[in-house]
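First up is the structure itself, then whatever we jot down about it.
Just follow the structure's listing: the first ligand is 1, and inside any ligand the first atom is 1.
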Amino acid sequence: MVEELVKSVALLLALCFLHGFIVRLWRRHAVAGQVVSGFLFGGICILGMLMPLVLMPGVIFDARSVVLCMAGLFGGPLVGLIAATMTAAWRGWVVGGVGAGVGIMMAFVCVAMGLAYREARARGWVTVQPLHMLGFGLVVHLVVVGMFQFTPPAVAARINDTVAVPYVIVFTLATPLLGWLLHDVERRLETEAALVASEARLRAVTQALPDVLLLLDEDGRYLEVLSARPSYLVARSEDLIGRHMHEVLPPDRAAEFLQLIRKTLAVGETQSAEYTLDTLAGPRHFDARVQPLGMRVGGRLAVVLLARDVTARHEVERALHESELRFRTVLRNLTSISVQGYRADGTTSYWNHASERLYGYTEAEALGRNLLDLIIPPPMHDAVRADMARMFATGEAIPAGELRLRRKDGSEVEVFSSHVFIHVPGQDPEMFCIDIDISDRKAAEEEARYLACYDPLTQLPNRRMLLDRLQQVMAGSARSGHYLAVLFVDLDNFKTLNDTRGHETGDRLLQSVAQRLRAGVREHDTVARLGGDEFVVVLEDLSDNPNEAATQTRSVAEGLLLRLYAPYDTVQADYRCTASIGATLTCGQDGSVEDLLKQADLAMYRAKTAGRNALRFFDPDMQQAMNRRAQLEAQLHNALRLQQFLLLYQPQVDTKGGVRGVEVLVRWSHPEQGMVSPGEFIPLAEDTGLILPLGHWVMETAMRQQAQWRRDPLLGSIDVSINVSARQFHQEHFVQMVQELLQRTGADPRRIQLELTESLLLDQVDAVIATMQALRALGVGFALDDFGTGYSSLSYLKRLPLDVIKIDQGFVRDLLDEPRDASIARTIIALADALSLGVVAEGVETEAHFQFLQSHGCKRFQGYLFGRPMPLPDFEDRARQCPYPPA
Ligand SMILES: Nc1nc2c(ncn2[C@@H]2O[C@H](COP(=O)(O)O[C@H]3[C@@H](O)[C@H](n4cnc5c(=O)[nH]c(N)nc54)O[C@@H]3COP(=O)(O)O)[C@@H](O)[C@H]2O)c(=O)[nH]1
């Protein structure tokens, strides 16, 4: 009997094998697999019922109970239901008999108990360990034996007496055995599924990696080749597998890899390497890690090589490296920007070429030495230490600025210094100083400042500086109540020296004058040069009493005149020069700086007109005159348009008193001030340029008059002298203008004489001579006015196409009392004679003058003795009074 039961158990083992096979076969189709499993379990049960232990007809025993409860436990409801239904159908329909009812019921009860155990297992109450399964098997088979008690009593008694105990023992033991086998199938299936899933995951991961993954054996043979981008391989993966590296890579590269593989295997640790390979996608740079595989493949050791494409990063790094190299080279070789690096303790860490040039230390000398010992002057040490400490502690920048630092040779250098704090993680923080040499700029600025305030020739303050200084001195004077004096110093005849001896001589004179003026005043007094030969001296801290202050000023000014008169050997041996000084006093409360200078200028002008080499103080009358001048200047502009000018005629007579010539003299008939003297308005007209239209009007009127006289046999022979000012003479197209007037008026050019002053001849002598010759070609004659008062060079006199020279009235006036004047008058007459020129004596007021001049050979005279400047009708009458046969 036990033998039959054991046979049944053997059948169960076959079931396990088949179950494992079927489940593996149908695992991709879960429901179909369960149905097949259900049929398998049902089929096994039927098979068991075909070779049962037959106790009596219709009462059989086999392993159904074990199979069906396992179908519920490991197969689930569907498997259990199919198996139970098949078993029940076979038991009831085919086998039948007295035990059929219990057999059918038992099929479903066993499946239900298996399902219950399955549920308890899922909840964690029980496991499939042998002890639990043994208990489960015991319960199941006790229940089955219990169910047999529902068969007829005789049958039940027979069962109990014979089969019940071995049945319970064998199948209780078979239950854990079958359970263990099925569990093992279940576990292996789970493991296989997990392996399949794990492999799938791994493959997905390796496929997703943007890297190249190689499995290489110890000889460098490709065992496995994976690459998300096949173009990153040196050949197609199928062409690589099985080949050696030296078959596909350049020999040196293959050798490197082989060495790397062997080192990895020898050390047993991951190795890193970077390399560039010519891949299917072109040259790519890789960052690789090689790791021992830890097992043999085909009997050979192997490594895994994982290579990451870092071409982009490599390019960036290379570009960065190049860029850094470029900047380093630029920084290092900069020629004009010194760059130095210092650590927190002041040690020098960087020193470029420009620093070598700027500070004199070579790089080798500077590196490692302290900043303070190198270029910082000792007085700056504390400040620099404090600034650096703050910068290194807080990163706060030291403000850029101009510094005066020290060179190796101890000399100072001015730099514009900027500071940069750099802290690269993992390295010592550093301060970089960027210094630019500004010595040249500073010197240029200093020079520009100097030039803006000082006269480069004499090194004296210029006008600008004088005005500033005067402003301060006036304010100081106003506060203290002490007077200050402004002296306007103008050299006499400087222009003559400059024009005749050249500008270099003039410059030497000006330099000497500057030194003498400086030496003639106190240290705190100011001596300035306004330009040309004009100097200004400011005397400070004079007395608070006006008279005393004036006395002090006079004393200083006269002292200056004396100093200036001393010989100038730098100019020429025993050369002397005089100056005219105008002085004004103030105690700072009235007027402006400009007013003061104007006052001093006016006083100087008075000193000039007083005969030069003189000192004059400004007084209010001068101011009045100045105001009047300003007023006249304003009115002069309209005078021509308002026809306020008229001409007077002064006769020039011969030794018999006969009128031989006439000087045309202009007058301004001012509506309020009456007749204004040309001595007053001609200089004004010259200053303002009005002399040009005015001179034109005079010449046109005089020529028109001569043209009228031309028809008169008496008046037509009279020479008409017209005064021509320097500005008028030098104007462009003067010759054409005279020619045009001669033609327009019809005047006889042979009767027109232009009176030129000596000063006019001094400028541009050659041009003057050319103009005179052009006019002479028109028939016009020339008289040299005021002869003897200016600088007359005999050589010029010889070259000038003159007809007449006029003895200045200044010599005539006093010739009876002043032997020198008489002598000059005589000399001029003789000179004119020698040069075959006519001579006219001006200012002849007395018979005595007339006699003297006549006795010395003068043949023509002009002066009040013969008639003052008079209106036209009077002159015409006067000319006719002494009729003279025409020459
Ligand atoms: N460019 C021009 N200059 C002109 C013109 N008209 C005059 N002037 C110049 O103005 C200066 C002053 O002239 P004026 O006040 O007319 O004085 C002249 C005579 O009146 C004066 N004179 C003549 N005789 C005597 C005399 O016996 N005693 C005395 N005290 N004065 C006398 O001399 C002046 C003429 O001098 P000069 O011209 O040097 O011959 C004067 O410089 C004029 O040149 C003009 O139209 N244009």
Side-chain angles (χ1 to χ4, degrees), residues 609 632 636 639-640 644-653 659 661-670 674-705 719-731 734 738 741 752-761 782-790 804-816 821 825 828 838-850 852-853 858 860-871 874-875 878:
T609 51
L632 279 183
L636 193 60
L640 197 62
Q644 290 173 349
F645 292 108
L646 56 95
L647 292 185
L648 295 184
Y649 299 80
Q650 186 173 33
Q652 292 175 345
V653 300
V659 177
V662 63
E663 182 176 358
V664 180
L665 296 158
V666 69
R667 293 289 181 272
W668 179 8
S669 174
H670 193 280
M675 210 57 83
V676 181
S677 154
E680 207 171 340
F681 70 81
I682 288 287
L684 262 183
E686 285 188 337
D687 286 353
T688 56
L690 274 169
I691 192 68
L692 300 183
L694 177 60
H696 187 272
W697 177 84
V698 169
M699 197 174 284
E700 184 174 2
T701 311
M703 284 189 182
R704 219 174 272 289
Q705 192 53 58
D719 294 326
V720 179
S721 290
I722 304 168
N723 287 289
V724 175
S725 79
R727 192 157 177 185
Q728 203 181 344
F729 185 83
H730 287 301
Q731 73 181 301
F734 180 65
V738 174
L741 282 180
I752 300 295
Q753 201 166 67
L754 302 183
E755 281 197 18
L756 311 177
T757 56
E758 274 184 292
S759 57
L760 181 148
L761 303 173
F782 293 99
L784 185 55
D785 205 0
D786 306 334
F787 188 73
T789 54
V804 171
I805 50 178
K806 292 179 83 176
I807 305 170
D808 187 69
Q809 53 183 284
F811 303 120
V812 175
R813 190 183 308 125
D814 298 324
L815 58 78
L816 298 174
D821 287 353
I828 295 173
V839 64
V840 176
E842 287 188 89
V844 182
E845 293 184 352
T846 65
E847 190 60 34
H849 291 149
F850 178 53
F852 178 91
L853 290 162
C858 184
R860 235 183 233 206
F861 311 90
Q862 180 182 344
Y864 294 168
L865 180 65
F866 310 106
R868 288 176 176 259
M870 58 191 80
D874 296 350
F875 170 73
R878 169 70 182 82

- With sequence neighbours left out, the residues meeting side-chain hydrogen bond (donor to acceptor under 3.5 Å, both in side chains) with Thr846 are His849

- Message: Evaluate Phe850 against Phe866 for ring-ring contact (aromatic ring centres under 6.0 Å, His included), listing each step before the verdict.
- Response: CA-CA 10 Å; Phe850 178 53; Phe866 310 106; 5.3 Å; yes

- Query: Could you go step by step and tell me if Leu853 and Val839 meet the side-chain contact (heavy atoms from CB on, under 4.5 Å) rule?
  - Reply: CA-CA 11 Å; Leu853 290 162; Val839 64; over 6 Å; no

- Query: Mind checking whether Trp697 and Phe645 have parallel, tilted or perpendicular rings, split at 30° and 60°?
  - Reply: tilted

- With side chains defined as the heavy atoms from C-beta onward, is the minimum distance between Glu755 and Val804 less than 4.5 Å? no

- Task: Compile the protein residues with any heavy atom at a distance under 4.0 Å from an atom of ligand 1; present them by chain, then by number.
- Result: Gln650, Glu663, Leu665, Val666, Arg667, Ser677, Pro678, Gly679, Ile682, Val698, Asn723, Ser725, Glu755, Asp785, Asp786, Lys806, Gln809, Glu842, Gly843, Val844, Glu845, Gly863, Tyr864, Pro869

- Query: When the ring planes of Phe734 and Phe729 are compared, do they come out parallel, tilted or perpendicular, using 30° and 60° as the limits?
  - Reply: tilted

